[in-house]
Amino acid sequence: MTALARSNRVRRTWWTDAVDRAGCTAYTVYNRMMLPATFAGTDVDAAHLKRAVQVWDVAAERQVEITGPDADTLMQRLTPRDLSQLQPNQCAYVPICNHDGGMLNDPVALKPRPETWWVSLADGELRLWIEGMAEAGGYGVRVFEADVQPLAIQGPLSDELAARVFGEEVRALRFFRHGRFPFNGTEMIVSRTGYSKQGGFEIYVEREADAMPLWEALMEKGRDLDVRAGCPNLVERIEGGMLSYGNDMTDLDTPFEVGLDKYVQVYDCIGGPALKDHVSDRRLIAVEMEGPVPPCDRRWPILEGDTRIGVVTSAAWSLEFCCGVAIGMVDRRWDSGTAVSVITQDGPKRAVLKEKFWK
Ligand code: THG
């Protein structure tokens, strides 16, 4: 494999030097920023994530700040998820759609303070969309990319590590809630969120001066927990059915097609009318396949006999489940249990459509 060429166009994070030193072996680019993708290898990284605790540089989850008296109104205009009942300390996974109901992003949104939203982006161009919507609609808001860099703590020992660094109170934080916790004479926003099914937290670091002290405190206090630098893990997230924007969905897919139906709750928003009239013959589904599984860097056709019934959009080999795990988009007429073949760059692989993801 060839290396990623570094330049100013691909932004570093406050932890890039530390991530390099910790043995990162592959980066990907996400929101024009470096996002670690592998350390000891996806399998080894996944096994460690499932038994211990990792610290992830997820600064590439950029925060678009919407601030001003119309911030709530604009935010509700941007998503079909009903935000009216959200608690001030609650985070929300929010589909954002275009006028056709196509997915533009699937961020986590939260309010760090009244009249202010942070939209924690998946990879895409959403900041320009929000700025455009704010401008076109004449909303009383300012929209900009805040220099907030999230650092995640993920894995079954996350609570123990977080408690050692932020105090015992952090254990009481519920799933998708956030709060302010003391660190080094300042306060940090910590949420119980993150891109894995192993549990954990995300810390929204607002000042570069706090970034390395936090990293070092986590590494130091987690030594006996076998803490390691890690990153969003391809195998673990597919096993858990966590979607990746740009891979498993694009602006050509609606929230209904990618299984995000439960977040479509209001229709008085951008894309609402299209979503109301929505009918589709496709759905996202888990696919179990034989190995070896090459990198899924193109959409692999799924064939049932001679009929093309869909595509695989993400795939990896799972050591835990001893099979290839994949996410596909298929014609609704084919049910789970259907035997298919997946055409990879290394040739066809036997596969079967699955009722559920692995976790
Ligand atoms: N955390 C934060 N920002 C992010 C991500 C994150 N931005 C980019 C990317 N990840 C956005 N995508 C997702 C996808 C899934 C989830 C969060 C962000 C997620 N899903 C839960 C699950 O599948 O179990 C369900 C969440 C819910 O139902 O409310 O957590 O990880 N800050």
Side-chain angles (χ1 to χ4, degrees), residues 13 28-37 49 54-65 78-83 85-87 89-97 103-112 117-127 130 145-146 148-155 158 173-179 188-206 230-234 236-250 253 255 258-265 284 286 313-314 327 356-359:
T13 82
T28 186
V29 177
Y30 197 88
N31 289 320
R32 295 184 289 110
M33 202 166 202
M34 293 170 74
L35 175 65
L49 171 64
Q54 297 182 346
V55 176
W56 295 2
D57 171 2
V58 285
E61 296 170 356
R62 305 306 296 154
Q63 310 300 302
V64 172
E65 180 162 328
L78 291 170
T79 180
R81 178 154 179 187
D82 181 6
L83 301 174
Q85 304 304 315
L86 218 67
Q87 300 300 308
N89 68 341
Q90 206 172 349
C91 310
Y93 184 40
V94 287
I96 309 275
C97 299
M103 292 286 299
L104 289 178
N105 210 286
D106 66 333
V108 172
L110 65 137
K111 290 183 86 172
W117 283 91
W118 282 347
V119 185
S120 184
L121 299 190
D123 189 33
E125 290 84 41
L126 202 71
R127 177 179 57 83
I130 300 176
E145 187 184 274
V148 176
Q149 303 202 2
L151 189 68
I153 306 174
Q154 299 285 300
S158 292
L173 205 57
R174 288 157 55 200
F175 188 57
F176 266 65
R177 300 294 165 133
H178 63 87
M188 290 188 170
I189 298 179
V190 179
S191 60
R192 194 182 282 278
T193 54
Y195 198 62
S196 88
K197 290 281 188 187
Q198 307 306 315
F201 303 89
E202 291 180 302
I203 306 136
Y204 296 79
V205 181
E206 295 178 68
C231 53
N233 185 279
L234 179 66
E236 197 272 347
R237 74 106 182 148
I238 297 174
E239 289 168 351
M242 301 194 76
L243 307 184
S244 165
Y245 188 77
N247 287 315
D248 309 314
M249 59 182 139
T250 71
D253 306 303
V258 298
L260 299 180
D261 324 35
K262 66 174 172 176
Y263 303 115
V264 180
Q265 300 161 337
L284 188 137
T313 52
S314 294
I327 299 176
K356 286 198 165 122
F357 284 93
W358 291 262
K359 282 206 175 139

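First listed ligand is number 1; within each ligand, the first listed atom is number 1. Counting begins at 1 with the first residue of the sequence.
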Testing the 3.5 Å rule here: is there a donor-acceptor pair between the side chains of Asp57 and Thr13?
yes
Using heavy atoms and a strict 4.0 Å limit, residues surrounding ligand 1 turn out to be Tyr30, Glu61, Tyr93, Asp106, Val108, Ser120, Leu121, Ala122, Phe176, Gly194, Tyr195, Lys197, Glu202, Tyr204, Met242, Tyr263
inquiry  = Please determine whether side-chain contact (heavy atoms from CB on, under 4.5 Å) holds for the pair Phe176 and Val108, giving the CA-CA distance in whole Å, both sets of side-chain angles, and the decisive distance to 0.1 Å.
reply    = CA-CA 9 Å; Phe176 266 65; Val108 172; 4.3 Å; yes
Without swapping roles, check the side chain of Tyr263 against the backbone of Thr79 for a donor-acceptor pair under 3.5 Å. no
Residue set satisfying salt bridge (charged side-chain N to carboxylate O under 4.0 Å, His left out) with Arg62, at least two apart, ordered chain then number -> Glu145, Asp147
- Donor-acceptor contact present, side-chain Asp106 to main-chain Pro95, <3.5 Å: no
*Begin with the C-alpha distance, continue with both residues' side-chain angles, and end with the deciding distance and a verdict on side-chain contact (heavy atoms from CB on, under 4.5 Å) for Leu173 and Phe201.*
CA-CA 9 Å; Leu173 205 57; Phe201 303 89; 4.2 Å; yes
